[in-house]
Amino acid sequence: MKTALTIENLSFAYGKKKALDDVSFSINRGECTLLLGPNGAGKSTLFSLITRLYDSREGNINLCGFDIKKQSREALGRLGVVFQQTTLDMDLTVLQNLHYHAALHGIARKVANQRIQEELERLNMYERRKEKVRQLNGGHKRRVEIARALLHKPSLLLLDEPTVGLDVPSRKSIVEHVHQLANDNQLAVLWATHLIDEIYPDDSLLVLHQGQIKARGSIPSILKSSNTETVSDAFYQLTQGASA
Amino acid sequence: MILMHFWRAMWGIVGRELLRFLKQKERFVSALVRPLIWLFVFAAGFRAALGLAITPPYETYILYEVYITPGLVGMIQLFNGMQSSLSMVYDREMGSMRILMVCPLPRWFLLISKLIAGTAVSILQVYVFLSIAWFYDIQAPLLGYLWLLPALILCGLMLGALGLLLSSFIKQLENFAGVMNFVIFPLFFMSTALYPLWKMKESSTLLHDLALYNPFSQAVELIRFALYGQFNQYAFIYTLVAFLVFMSAAIIGYNPSKGMMTRKGGK
């Protein structure tokens, strides 16, 4: 199946305040989609709904052909997530954290060892596998989280502002790595960010504002439809000056 | 295949909890210090003030330290159940709970696994406490320590489920501290952990009735009888029913379409 994520007519409200209003879009395998939106646009709510932390009552979320509500086990098994806040256990080592995740996904110890080595080597973290997470810097913690999100070989990778608070070299390395993953592994990526410089020319953009999708497509198509020359200008215009 | 997934996940959760407990040495020590102070200081001081009649499961007059020991075992499990819920509130607030919640397993299974993990930790603490008590001359029949295990499992599950239920209603860690005071202390002091029921009746019928229907009292009695190789059927059924009620309510509380998440939002 080519489509990794399909969202149809998704709405969600906190009491009377609408957080998402009739949102529909899809992401194909190998496609890296950057989700842009000012604070309060509904990005975190959208992620909470895709990961089933919240339950939607209006609309459908389909992951690789599996409905997130009716077939949540199959759907969530195809999803890798890197949350905005670190979700690693600081008191455990890198290896123990990764084994815990592998166990949650039912991966046998032998297979888990092999995959952990592969993913950590790819991120140049294998040498540090026996260190406590607490001893790692922010960029290295993020790398471990990305390795963890890929252990069960997901079809869709969700990243919720994973580079917030990192220095420039760490950010650059993570951005490069994720784009490479999308290309090499045919992984669908949905990346929420505030940082325009994380966008690559081939990426798809999704602009969310006040719970609604304001634009969706390739960079040239969005620039054309918004009649602007840069992504920053297009974003400013589409969100009517709301700060990113 | 699915069963293997469940099995691996459960061991993953239990293993992580045990690892965390062993690595957090302060937690291990403080979990032991609390009941030991009660035993060495409080019980020793009250030994002379409180006379105890012969009541089952005891077959002779006993020292107050002997009477209070099953109550302190219950106390370890009560605090551990609450602490493990406290860690869930913390994990949820800090984000690491999300990793558990987005894994491809049903919520009820994840909660039960967390509960089993917390119970395993509490049993470890109890046996270390009882080993120290043994050297303080508080010695139950050897077989009693074996009979105690199933009782500890059930009581640990019941108290952990109560903690889970509470944590499902609490959005922030600060609120949890208040609930601890309103839950732990009443549960502990209005129970048979420190004084037998008949003694409470002498001072207040209301206190006696509250202690009688307090599920923690029944858990303590189940432990007390098991430690002396006896089975308290009423306490067993009461504790089992309390566990099922608390657990069902906690599962509803953590269900994204029915519990906590619905209260957070949703249309």
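Labels below follow one simple rule: chain letters A, B, ... track the order of the sequence lines, proteins then strands, and each chain is numbered from 1.
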Assess whether ring pair (Phe, Tyr, Trp, His ring centres under 6.0 Å) is satisfied between B/W134 and B/F129, documenting all intermediate values.
-> CA-CA 9 Å; B/W134 176 274; B/F129 166 74; over 10 Å; no

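Among the candidates B/L105, B/L19, B/L110, the residue making the largest number of heavy-atom pairs closer than 4.5 Å to chain A is B/L19. Counting heavy-atom pairs closer than 4.5 Å to chain A, the top-ranked of the candidates B/P106, B/G15, B/C103, B/S113 is B/C103.
The distance between the ring centers of A/H105 and B/H5 does not fall below 6.0 angstrom. Note: A/Y14 and A/F12 meet the aromatic proximity criterion, with ring centroids under 6.0 Å apart.
In this structure, B/W38 and B/F188 have perpendicular ring planes: the angle between them is above 60°, well past the 30° mark.
For A/A149, no part lies under 4.5 angstrom from a heavy atom of chain B. Using a 4.5 Å cut-off between heavy atoms, A/L79 makes no contact with chain B at all. For chain B, the nearby part of A/R148 is the side chain; its heavy atoms alone come within less than 4.5 Å.
Of residues 91-99 of chain A, those residues with a non-hydrogen atom less than 4.5 Å from any non-hydrogen atom of chain B are, in numerical order, A/D91, A/L92, A/T93, A/Q96.
Among residues two or more places apart in sequence or in another chain, the side chain to side chain contact (heavy atoms under 4.5 Å, CB included) test is passed with B/P150 by none.
Taken to the nearest 0.5 Å, the CG atom of A/L46 stands 6.5 Å off from the CG atom of A/L190.
The salt bridge (charged side-chain N to carboxylate O under 4.0 Å, His left out) analysis of residues 8-17 of chain A, with sequence neighbours excluded, yields no pairs.
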Identify each donor-acceptor pair in which a side-chain atom of residues 72-82 of chain B lies under 3.5 Å from a protein atom, sequence neighbours left out, and give them as a table.
from, atom 1, to, atom 2, distance (Å)
B/Q77, NE2, B/S122, OG, 3.1
B/Q77, NE2, B/L152, O, 3.0
B/N80, OD1, B/Q125, NE2, 3.3
B/N80, ND2, B/G118, O, 2.8

